[in-house]
Every structure is written in structure tokens, then in C-alpha cells.
Amino acid sequence: MRHRATGLVLLLAAALAATAVPAATALPDGAPAPHPPRAAAGPGTDHAADDPFTADRTNWFRQDRFGMFIHFGAYSNLEGEYRLPDGTTCRDAEWIKRQCAIPMDAYEKQAQQFDPADFDAKAVVKAAQDAGMRYIVITAKHHEGYAMWPTKVNDWNLRDHSSFDKNRDIMAELKKAADDAGIKLGFYYSIWDWHDKDFADPATFPAYEKRMYAQLKELIDRYDPALLWFDGEWDTDNPHNPWTARDGERLESYLRGLDPGLVINNRVGKRRVVDGDYGTPEQEIPAAPVDGQLWESCMTLNGHWGYARYDQDWKSSQTLTRNLLATTSRSGNYLLNVGPDARGRIPRPSVDRLKEMGDWLREDGQGEAVFGARYAGLVEEPAWGSVSRKGDKLYAAVTRWPAAGGTLHLTARTDIRVKAARVLGSDQRVTVTEAGDGFDLKPSGAATNDTATVIELKVDPGPTARVGHGTGLKQEIFDNATLSGDPKITRTDATLNHAWKYTGSPDPAIPADRFSVRWTGSVVPRRSETYTLTTVSDDMARVWIDGKLVIDSWTPHEPKIDKAQVKLTAGKRHAVRVEYAEQTGEAHLRLLWSSPGQEQQIIPRSQLYTP
Ligand code: H79
């Protein structure tokens with residue numbers, strides 16, 4: 001049923017496009033276009049927006065590094081505690097409805113009392129700014145389904161179901177305050193919905209999905225968010241969650257049609273490397289840069305996301321700042337959460353810790369180690385702290401300062417020279433000597449603070465050849481899954497950066513299933529180093545460099561990452577051949593590289609040459 005309905009809508013969209021009527025204006029008032037207005041999906045569609053590692057679109061996200069998460073909803077009104085019929089108290093935070101088995105009518109009744117009159121957008125933005133945070137992501141709707149803006153889609157929202165001032169709109173207030181402060185605003189939106197009666201049943205799910213699209217369009221139209229943070233995409237019951245990767249494809253493409261500038265997290269789909277713009281480790285920090293993806297770790301300040309009156313177990317600002325440094329040094333972002341109380345106030349212990357983080361970041365320019373900085377690459381991560389890189393500077397944030405006369409060793413991953421070294425906020429000298437597999441740093445004085453003392457190293461990262469003038473690889477496309485016979489299409493492909501997903505294919509003449517592609521030519525690195533080649537593929541891929549098979553992932557698979565280490569020479573043309581095959585279902589192929597001196601990215605067009 002559902003697919004038939006989708007087909008009809010597609011036909012309608014095609015008819016509209018054929019008569020050159022802008023789809024957006026032709027739709028009934030308020031009805032969301034179920035497909036992107038710009039291009040109908042189908043053979044020939046490539047859903048890859050760009051390379052998130054290098055795109056202008058994601059530039060702010062890659063530089064800003066530090067954001068504020070805000071968990072605020074009808075659950076906040078309970079402040080984490082619910083009195084059960086037997087007189088005992090059940091505790092949780094944003095999951096309290098589920099974990100304490102609160103009946104819907106009782107939950108709705110308490111939400112009717114919700115009056116966050118003390119929510120002060122300027123104070124929230126100030127807390128973020130004092131922390132050094134550059135963006136804010138607030139729960140527009142959590143799993144409970146309650147909308148924190150005056151949605152027209154239903155009455156289960158802060159204006160229509162609360163004791164709050166009907167003339168206020170906290171999202172509009174926050175947007176205004178954030179804009180005034182130059183801070184970006186994004187929205188968290190849970191796909192999983194415990195309140196909407198149509199959600200759990202696959203037969204009625206399309207009706208829910210239509211309302212979800214309408215709500216997201218409201219959020220985009222009214223508040224122009226920089227980012228959307230989805231959640232609740234996983235397979236689960238109680239209630240059942242029908243969300244599929246196909247639903248994710250449709251939603252992501254709809255949203256990008258509405259606003260091509262959006263940054264979207266990977267939970268828009270099924271939290272895989274091919275979904276959205278970035279990965280979302282939760283309550284953990286990956287030990288190294290994440291393969292094939294930008295990423296952002298979200299974490300709590302105490303043990304809960306939503307306000308929990310009983311939880312006073314706050315992390316120290318020292319721990320939090322070190323977490324931020326570790327995250328940045330692996331090219332990730334840190335999204336640190338606050339949970340306003342029933343009146344809408346951020347708890348004082350949260351504000352205090354955020355302020356202390358900001359104080360550290362502002363002190364002696366230590367924020368240089370974070371903002372605009374990324375994975376060092378040129379050196380190994382030491383046990384005594386973390387190292388980030390910004391241009392020709394390395395920032396070693398030392399958490400274990402050596403005793404007087406002691407040294408800090410750095411292992412070099414490539415041939416670099418240290419030209420100067422200094423401690424931020426101190427006149428002491430840092431002596432640098434080559435030692436073993438790298439060099440030793442010997443500071444002459446004491447640590448400047450207890451959180452992390454930053455040594456700034458000016459380095460010569462070694463020779464890097466100029467940007468090439470390549471135009472891409474030769475691409476041969478076959479209308480079968482086995483690279484058989486003559487290619488149907490032969491052309492030049494600028495980059496191997498493709499997300500054909502379920503509906504797309506390399507060309508309108510190529511079906512969405514059962515096709516294959518071969519790319520040939522040469523790749524020219526800019527540095528003489530050991531490169532890591534990374535493919536993201538579904539269904540099958542293999543890669544040869546200089547005639548040698550280095551990635552062999554020729555067994556049909558779901559979206560998957562494969563890697564190979566290859567020694568390449570700067571300026572030299574290394575023969576490359578990539579083969580790809582799609583049988584049925586989703587189709588993806590990306591080819592990235594990284595090296596000690598080259599940050600992870602899709603291999604750019606300039607470094608690819610046709611045979
Ligand atoms: O919004 C925050 C969480 O509510 C949400 N994601 C972050 C950003 C989240 N949803 N699910 N999970 C996190 C993981 C699920 C954990 C569970 Fe449980 C363990 C669900 C049931 C047991 C945590 C503990 C929630 C209730 C009890």
C-alpha cells in the first residue's frame with residue numbers, strides 16, 4: 001500500500017515538473033513535499049551532497065568544535081521524579097515516561113502544568129558563549145513526542161498543552177539570541193515517537209511520517225536551523241519503530257531539497273557511515289579519527305540528559321576540558337549537554353563548569369588548541385596529553401607535566417622538523433631535541449594550570465607538492481553487475497564520491513539495480529608518505545594501485561569500510577583501478593585518502609588523471 005502511494009506521489013511530482021510548475025507552490029497549503037523539490041529521485045540521481053570533509057557547507061562544523069546540547073521537554077517538568085501509585089518514587093529523566101511506566105493520561109496531565117517561565121534565551125546563549133561553545137542543539141521533540149515550539153501539526157506542544165505563556169515561543173527567542181551572539185542553532189528531533197498513535201503500526205506509519213515532514217518543514221521555515229540532529233532511528237519495540245534506511249534516504253533528500261546548507265547527523269538514516277554528514281558517538285570519545293566520516297561526541301555534564309533533581313554527580317571542568325581536547329585532537333566535535341529544570345533554568349553547577357571551561361579556553365590563547373584545530377597526524381598521540389594541528393602549528397596539551405628536568409616524547413609519523421616551541425602563558429623555554437623515533441620536549445618551568453598546559457610547536461611539515469591539475473578518472477559504466485561486455489557509458493568522473501542509495505544510479509540510462517562501474521587512470525599524491533586508502537562501499541568494491549590489488553571487498557555487503565596502506569610518492573602518477581558492482585538494494589562508493597600530512601578526504605579531482 002505504502003509503496004503504491006509513494007509511486008502516485010512520484011508520478012504527480014513528475015507531472016508537475018513536466019509542466020514547469022514549481023512543485024513548492026503547486027502543493028496544497030502546508031502540505032509537505034514528500035520528495036525534494038529540486039530533483040525527483042530515480043535512476044541518474046546521486047544523493048551525495050558533497051565531500052563533508054572539505055565542503056564549504058560543513059566548514060563551520062569542522063572549525064567550531066564545541067557545542068551545547070540542550071535536553072528540554074515535558075519530562076523536564078517532572079525534574080526526574082515520579083510518584084508511583086504505591087507511594088514510592090521512580091526516577092529517570094527524559095525517559096521517565098517509559099522507564100516509570102507513566103500512563104499517557106497522567107503524563108499529559110503533568111505536562112499541562114509545565115510552565116518554564118524562567119527560560120531565558122539570552123542567559124542560555126550567554127552560558128554557551130561563556131563556555132566557548134559555538135553552536136547550540138536543542139531538543140525540538142524528544143521520544144515523548146512533545147514539540148517545544150508552537151507547531152500547527154498537533155496540540156501536543158509547549159504552546160497548546162502547558163501552563164506556559166501562549167505568546168512566547170522559546171525557539172524563536174533562542175534563535176534571536178543565538179543570531180545576536182553569532183552562535184549557530186540546530187534542532188534535535190526524535191523519529192521514535194511515544195505519543196503519536198500512528199507511529200508504531202506500519203499501516204499507519206505513513207500518516208505519522210507526513211506529520212513529521214510537516215513539523216520539520218515548520219522548523220526549517222520558521223527558524224532556519226544550521227543543523228538537524230535526529231535520534232530514535234534504531235530498531236526497537238515498546239513502541240515498535242518501523243524506521244528503515246529507505247525512510248532515511250527519502251527524509252534526508254527531502255531536507256536537503258528544502259535547505260542544501262543543512263548539516264545533518266547520521267541518525268537520519270540507520271546510523272551507518274553512509275547516513276547523513278557525521279557520526280554520533282554517545283557518551284564516549286573514539287580513540288582515533290573516525291574512518292569515512294566527520295563525527296561529534298555528545299556527552300552529559302552529570303549522568304543524565306534531561307534535568308534530574310537527584311543527580312548531583314557533576315563531572316569536573318578539568319575532565320570536561322580534557323575531553324574537549326581529546327575530541328578535537330581526533331578531528332571530532334564535542335556536544336556537551338545541559339538540562340534546564342521545570343522553570344527553564346540551566347542548573348547552576350552546569351553553568352559554573354561551562355564557565356570554567358571557557359576560562360581555560362580564553363586563558364593565554366589556549367583555545368587555539370581547539371577552534372579550527374584537528375587531528376595532528378604528523379605525530380602519534382602521546383600518553384601525556386593530546387596534540388592537535390592547525391596549519392603549521394601543533395598544540396600539545398599536556399595533562400601530565402614532567403617533573404623538573406624531565407622530558408615529553410613525541411613520536412613522529414613522518415619527516416617533520418620543529419622550528420620553535422613555547423608554552424602558552426609562560427616565559428619558560430622549551431628545548432627540543434631529536435630522540436629515537438621523534439623528539440623530546442624539555443620545558444624549563446612549571447605547568448601553567450592543572451587542566452592542561454599547552455606547548456605550541458611551529459613545525460615544518462615536510463615537502464608538499466603543489467595542487468595538481470587533474471580532471472578525474474576515466475569511468476566506464478555497465479548495465480550489468482559483472483562489468484561484462486562493452487560499457488554503456490564512458491566518461492570522466494571528477495571524484496569517487498557516490499551515494500546512489502536505493503533509487504539512484506550513475507546515469508538515467510542505468511537502472512538502480514544491477515550495474516557496475518570501472519574507474520581507471522592515475523592518482524598523484526602531494527606528499528611522499530604512507531597513505532591510507534579508504535573505500536566506503538555497498539555492494540562490492542576493489543582497488544588496485546600500481547597493478548596491485550590492495551582492497552578486495554568483492555563479496556556482496558551492506559555499507560562497509562575497507563582500508564589499505566600504500567606507499568606513494570609526491571608528484572608521481574600511480575596507476576589506479578577501481579571496480580564496483582551493485583546488485584540490488586542500496587548502492588554506495590566513496591574513495592578517500594589520508595596520510596600523516598594529509599587529512600582524511602575524498603581524493604580530490606585535482607589529483608586524479610585519466611589514462
Ligand atoms: O537524547 C539522549 C538520550 O535520551 C537518547 N540519545 C541521547 C542523545 C538515547 N536514547 N536511547 N539511548 C539514548 C540509549 C538507550 C538506552 C537505554 Fe535506557 C537503556 C534505554 C533503556 C535502557 C537509558 C537508560 C534510558 C533509559 C534507561
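Just so you know, ligand 1 is whichever comes first in the structure, and atom 1 is the first atom listed for that ligand.
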Quick one: do the [X] and [Y] side chains pair a donor with an acceptor below 3.5 Å?
{"X": "Tyr135", "Y": "Asn333", "answer": "yes"}
{"X": "Asn266", "Y": "Thr280", "answer": "yes"}
{"X": "Glu144", "Y": "Tyr75", "answer": "no"}

Ring centers of Tyr310, His304 separated by less than 6.0 Å: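 Yes, the ring of Tyr310 comes within the 6.0 Å limit of the ring of His304, centre to centre.
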Please identify each residue that fulfils side-chain hydrogen bond (donor to acceptor under 3.5 Å, both in side chains) with Asp180, with sequence neighbours left out.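 If we apply the side-chain hydrogen bond (donor to acceptor under 3.5 Å, both in side chains) test to Asp180, skipping adjacent residues, the hits are Lys176.
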May I have a table of the N/O to N/O pairs between ligand 1 and the protein that fall below 3.5 Å, each row giving the two atom names and the distance to 0.1 Å?
from	atom 1	to	atom 2	distance (Å)
ligand 1	1 (O)	His71	NE2	2.6
ligand 1	1 (O)	His142	NE2	2.7
ligand 1	1 (O)	Tyr188	OH	3.4
ligand 1	4 (O)	Glu94	OE2	2.5
ligand 1	4 (O)	Trp95	NE1	3.0
ligand 1	4 (O)	His142	NE2	3.2
ligand 1	6 (N)	Asp231	OD2	2.8
ligand 1	6 (N)	Glu282	OE1	3.2
ligand 1	6 (N)	Glu282	OE2	3.1
ligand 1	10 (N)	His143	NE2	3.3

For a side chain to side chain contact (heavy atoms under 4.5 Å, CB included) with Val268, tell me which candidate from Glu233, Glu252, Glu249 qualifies.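 Looking at Glu233, Glu252, Glu249, the match for Val268 under the side chain to side chain contact (heavy atoms under 4.5 Å, CB included) is Glu252.
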